[in-house]
Trainee: 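Take a look at this one; I'll ask things after.
If you read the sequence from its start, that first residue is 1, and numbering goes on from there. No hydrogens, no waters, no symmetry mates; every other heavy atom, side chains included, goes into these values.
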Amino acid sequence: MCHCQFQIPQNPFKMSYKVEPLPDSYAGLGEGPHWDVARQSLYYVDLEAGALLRYDYKQNKVYRTQIEGEKLASFVLPIEGNPLEFAVGCGRRTVIVQWDGVSPTAKVVRTLFAVQPEFEENRLNDAKTDPHGRFFGGTMRYVGDEFVHRHGELYRWEAGGNVTLVKSDVGISNGLAWDEKLKKFYYIDTTDYEVKSYDYNFETGVASNPKVIYNLRKTSPKDHLLPDGMTIDTEGNIYVATFNGATIFKVNPSTGKVLLEIKLPTKQITSVAFGGPNLDILYVTTAAKFDQPAPAGTTYKVTGLNAKGYPGVNLKI
């Protein structure tokens, strides 16, 4: 009599992850999640409201502040060595905002740099710091059709230097991630419906040799998925948010294979970032654009993914 035990292979799409909303975490256009280890907090923005938000892990509470005199806030990056200062994208300016993480109003104290002065219909979109503390971020058309008018650009900026153009001919500059082990940089231009990988020199900050590693096009253009924000785990897998797909795709960038589809209860998934005390919680921002019904705009946490990510890196100025 055989007492062999047969293990049924696990279906990767049925993994037992759990999706839960963060309390009072609404943002009409939530974006730019950044996990701050020192404060055990998730920072993110309500982009078209000019507001910053901070989810305090220990208190399980969200604090929101309005940046005085600003209508846009496209990203929020803590400044190295100054806990009260953040780099924030306001229009085509990257400004330093002073915020104590609690007060309902925050102030712009100075402009760090500005881009594309001649393109008044553009604005900065997603931005992050690379593992060495350099700024990477790009622009998009804010008025009119970004798919037609590819006037966006991707930039690099580092302390003591000027703004360097990394890539032009960009529709909507979006997701960014780095893999130090493989020396890769991953980048999303939403209007290309794909994720590109670059060889990345961590000493110089130079990205080269772009290659498409994941394609989100479908047979009909109206069904193409729109890749938005992105993050990476410690095993080198990328997590791609889709603005029109209610899904985050976990992808092996070396093979282009989808390892997991993480389903959310709302359609417009804008970005993702690992956080929490063990860096094993995936935080997810969403949007409520174009009359999306509730719970659109809620910020979520996904647990049970059996993966860990990297914390956000402070910007060195």
Side-chain angles (χ1 to χ4, degrees), residues 31-37 42-44 74-78 89 124-138 154-157 166-167 170 172-190 192-202 205-216 225-243 247-260 262 269-276 279-285 302 305 307-315:
E31 262 290 5
H34 175 107
W35 180 257
D36 184 277
V37 171
L42 181 80
Y43 289 89
Y44 60 106
S74 50
F75 55 82
V76 54
L77 302 170
L124 284 158
N125 198 40
D126 206 354
K128 276 185 186 171
T129 36
D130 82 351
H132 287 206
R134 298 181 187 95
F135 172 96
F136 268 74
L154 175 65
Y155 309 98
R156 179 179 82 242
W157 177 89
V166 177
K167 185 184 188 309
V170 172
I172 302 175
S173 191
N174 242 323
L176 309 138
W178 289 263
D179 186 327
E180 285 193 276
K181 291 175 200 157
L182 296 183
K183 296 188 168 54
K184 294 289 183 188
F185 164 58
Y186 301 110
Y187 176 61
I188 289 170
D189 174 349
T190 300
D192 286 340
Y193 311 105
E194 62 197 21
V195 183
K196 286 188 177 81
S197 82
Y198 290 75
D199 295 331
Y200 190 73
N201 184 322
F202 283 88
V206 173
S208 56
N209 302 325
K211 180 179 145 195
V212 176
I213 52 155
Y214 182 50
N215 185 351
L216 292 93
L225 286 174
L226 298 172
D228 201 323
M230 169 171 57
T231 194
I232 190 167
D233 68 20
T234 55
E235 292 176 357
N237 300 306
I238 56 173
Y239 296 71
V240 180
T242 56
F243 187 75
T247 306
I248 299 156
F249 293 93
K250 177 182 179 179
V251 178
N252 177 336
S254 302
T255 63
K257 189 180 173 209
V258 174
L259 306 176
L260 180 66
I262 303 165
I269 315 305
T270 55
S271 197
V272 283
F274 279 99
L279 299 170
D280 60 354
I281 300 169
L282 187 68
Y283 290 102
V284 183
T285 52
V302 184
L305 288 171
K308 289 188 177 189
Y310 299 100
V313 178
N314 292 342
L315 179 65

Trainee: List in chain and number order the residues that pass ring pair (Phe, Tyr, Trp, His ring centres under 6.0 Å) with Tyr214, two or more places apart in sequence or in another chain; answer none if no residue qualifies.
Mentor: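 By the ring pair (Phe, Tyr, Trp, His ring centres under 6.0 Å) rule, Tyr214 matches no residue at all.
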Trainee: Can you find a pair of side-chain heavy atoms, one from Leu226 and one from Ile172, that are under 4.5 Å apart?
Mentor: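 Of all side-chain heavy-atom pairs linking Ile172 with Leu226, none is under 4.5 Å.
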Trainee: Checking side chain to side chain contact (heavy atoms under 4.5 Å, CB included) for the pair Val302/Tyr239: CA distance, chi angles, key distance, verdict?
Mentor: CA-CA 12 Å; Val302 184; Tyr239 296 71; over 6 Å; no
Trainee: Does Arg156 have any salt bridge (Lys or Arg N to Asp or Glu O under 4.0 Å) partners at least two apart in sequence or in another chain, and if so, which?
Mentor: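 If we apply the salt bridge (Lys or Arg N to Asp or Glu O under 4.0 Å) test to Arg156, skipping adjacent residues, the hits are Glu158.
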Trainee: Going by the rule salt bridge (Lys or Arg N to Asp or Glu O under 4.0 Å), which residues pair with Lys196 if we only count those two or more places apart in sequence or in a different chain?
Mentor: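 Lys196 satisfies salt bridge (Lys or Arg N to Asp or Glu O under 4.0 Å) with Asp192, Glu194 once adjacent residues are dropped.
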Trainee: So, using side chain to side chain donor-acceptor pair (under 3.5 Å) as the criterion, who are the partners of Asp126 when residues are at least two apart?
Mentor: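 In terms of side chain to side chain donor-acceptor pair (under 3.5 Å), with neighbours along the sequence ignored, Asp126 is linked to no residue.
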Trainee: Can you list the residues that meet the salt bridge (Lys or Arg N to Asp or Glu O under 4.0 Å) rule with Asp280, with sequence neighbours excluded?
Mentor: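 For Asp280, no residue satisfies salt bridge (Lys or Arg N to Asp or Glu O under 4.0 Å) once neighbours in sequence are set aside.
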Trainee: Contact between Leu282 and Ile262 at the side-chain level, heavy atoms closer than 4.5 Å - yes or no?
Mentor: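 Leu282 vs Ile262: side chains touch.
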Trainee: Any chance you could measure Leu279, atom CG, to Tyr310, atom OH, to the nearest 0.5 Å?
Mentor: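 Reported to 0.5 Å precision, the distance equals 10.5 Å.
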Trainee: Do other residues, nucleotides or ligands put more than 12 heavy atoms under 6.0 Å from Lys167 NZ?
Mentor: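 Above 12, so yes.
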Trainee: If you look at every heavy atom in Asp233 and Ala307, which pair is closest and at what distance?
Mentor: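 Looking at all heavy atoms of both residues, the shortest contact is OD2-CB, 3.9 Å.
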Trainee: With sequence neighbours excluded, tell me which residues meet side chain to side chain donor-acceptor pair (under 3.5 Å) with Ser74.
Mentor: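 With neighbours one apart ignored, the set is empty.
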Trainee: Could you tell me which residues satisfy side-chain contact (heavy atoms from CB on, under 4.5 Å) with Thr255, sequence neighbours excluded, listed by chain and number?
Mentor: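 Partners of Thr255 under the side-chain contact (heavy atoms from CB on, under 4.5 Å) test: Asn252, Lys257.
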Trainee: Keeping the roles fixed (side chain from Thr242, backbone from Pro227), state whether a donor-acceptor pair exists under 3.5 Å.
Mentor: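 No.
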Trainee: If the condition is ring pair (Phe, Tyr, Trp, His ring centres under 6.0 Å), which residues does Tyr186 pass it with, not counting sequence neighbours?
Mentor: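 Per chain and number, Tyr186 pairs via ring pair (Phe, Tyr, Trp, His ring centres under 6.0 Å) with no residue.
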Trainee: Give me the atom names and distance for the closest heavy-atom approach of Pro253 to Asn237.
Mentor: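 Smallest interatomic distance, heavy atoms only, reads CD-CA, 4.0 Å.
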Trainee: So do Leu260 and Leu305 actually touch side chain to side chain, heavy atoms under 4.5 Å?
Mentor: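 Leu305 reaches Leu260 side chain to side chain.
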Trainee: Run the side chain to side chain contact (heavy atoms under 4.5 Å, CB included) check on Val251 and Val195 step by step: do they pass?
Mentor: CA-CA 10 Å; Val251 178; Val195 183; over 6 Å; no
Trainee: Check whether more than 12 heavy atoms from other residues, nucleotides or ligands sit under 6.0 Å from atom CD of Glu180, and answer yes or no.
Mentor: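 Yes, because the 6.0 Å sphere around CD of Glu180 holds more than 12 heavy atoms from other groups.
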Trainee: According to ring pair (Phe, Tyr, Trp, His ring centres under 6.0 Å), who are the partners of Phe75, at least two apart in sequence or on a separate chain?
Mentor: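 If we apply the ring pair (Phe, Tyr, Trp, His ring centres under 6.0 Å) test to Phe75, skipping adjacent residues, the hits are Phe135.
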Trainee: Could you tell me if the side chain of Asn125 sits less than 4.5 Å from the side chain of Asn174, heavy atoms only?
Mentor: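 A side-chain contact exists here, since the closest heavy-atom pair is under 4.5 Å.
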Trainee: Side-chain contact, heavy-atom cut-off 4.5 Å: Val240 with Leu225?
Mentor: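 The answer is no; the side chains never approach within 4.5 Å.
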Trainee: Sub-3.5 Å donor-acceptor pair from the side chain of Lys308 to the main-chain atoms of Phe274, do we have one?
Mentor: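 Side chain of Lys308 to backbone of Phe274, a donor-acceptor pair under 3.5 Å: no, none is there.
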Trainee: Going from OG1 on Thr231 to CG on Leu176, what distance comes out if it is rounded to the nearest 0.5 angstrom?
Mentor: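 Result: 10.5 Å between the selected atoms.
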Trainee: Salt bridge check: are Asp199 and Lys184 linked by an N-O gap of less than 4.0 Å?
Mentor: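 Salt bridge between Asp199 and Lys184, a charged N being under 4.0 Å from a carboxylate O: yes.
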Trainee: State which residues pass side-chain contact (heavy atoms from CB on, under 4.5 Å) with Tyr200; sequence neighbours excluded, sorted by chain then number.
Mentor: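 Tyr200 satisfies side-chain contact (heavy atoms from CB on, under 4.5 Å) with Asp130, Arg134, Phe136, Trp178, Phe185, Phe202, Ala207 only.
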Trainee: I'd like to check the ring pair (Phe, Tyr, Trp, His ring centres under 6.0 Å) partners of Tyr43; sequence neighbours left out, ordered by chain and number.
Mentor: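 Ring pair (Phe, Tyr, Trp, His ring centres under 6.0 Å) check on Tyr43 returns Phe86.
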Trainee: Compare every heavy atom of Ser271 with every heavy atom of Gly32, then report the nearest pair and how far apart it is.
Mentor: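 Looks like N-CB, 4.3 Å.
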Trainee: State, to 0.1 Å, how close Ser173 and Gly137 come at their nearest heavy-atom pair, and which atoms those are.
Mentor: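 That would be OG-C, 4.5 Å.
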Trainee: Just wondering, do Leu182 and Ser197 contact through their side chains at under 4.5 Å, heavy atoms?
Mentor: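 Side chain of Ser197 against side chain of Leu182, heavy atoms only: no contact under 4.5 Å found.
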Trainee: Of the non-hydrogen atoms in Tyr198 and Pro210, which two are nearest, and what is the gap between them?
Mentor: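 In this case the closest contact between Tyr198 and Pro210 is CE2-CB, 3.5 Å.
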Trainee: Using the test side-chain contact (heavy atoms from CB on, under 4.5 Å), find all partners of Thr270 that sit at least two apart in sequence or belong to another chain.
Mentor: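 By the side-chain contact (heavy atoms from CB on, under 4.5 Å) rule, Thr270 matches Leu29, Glu31, Asp228, Phe243, Thr285, Ala287.
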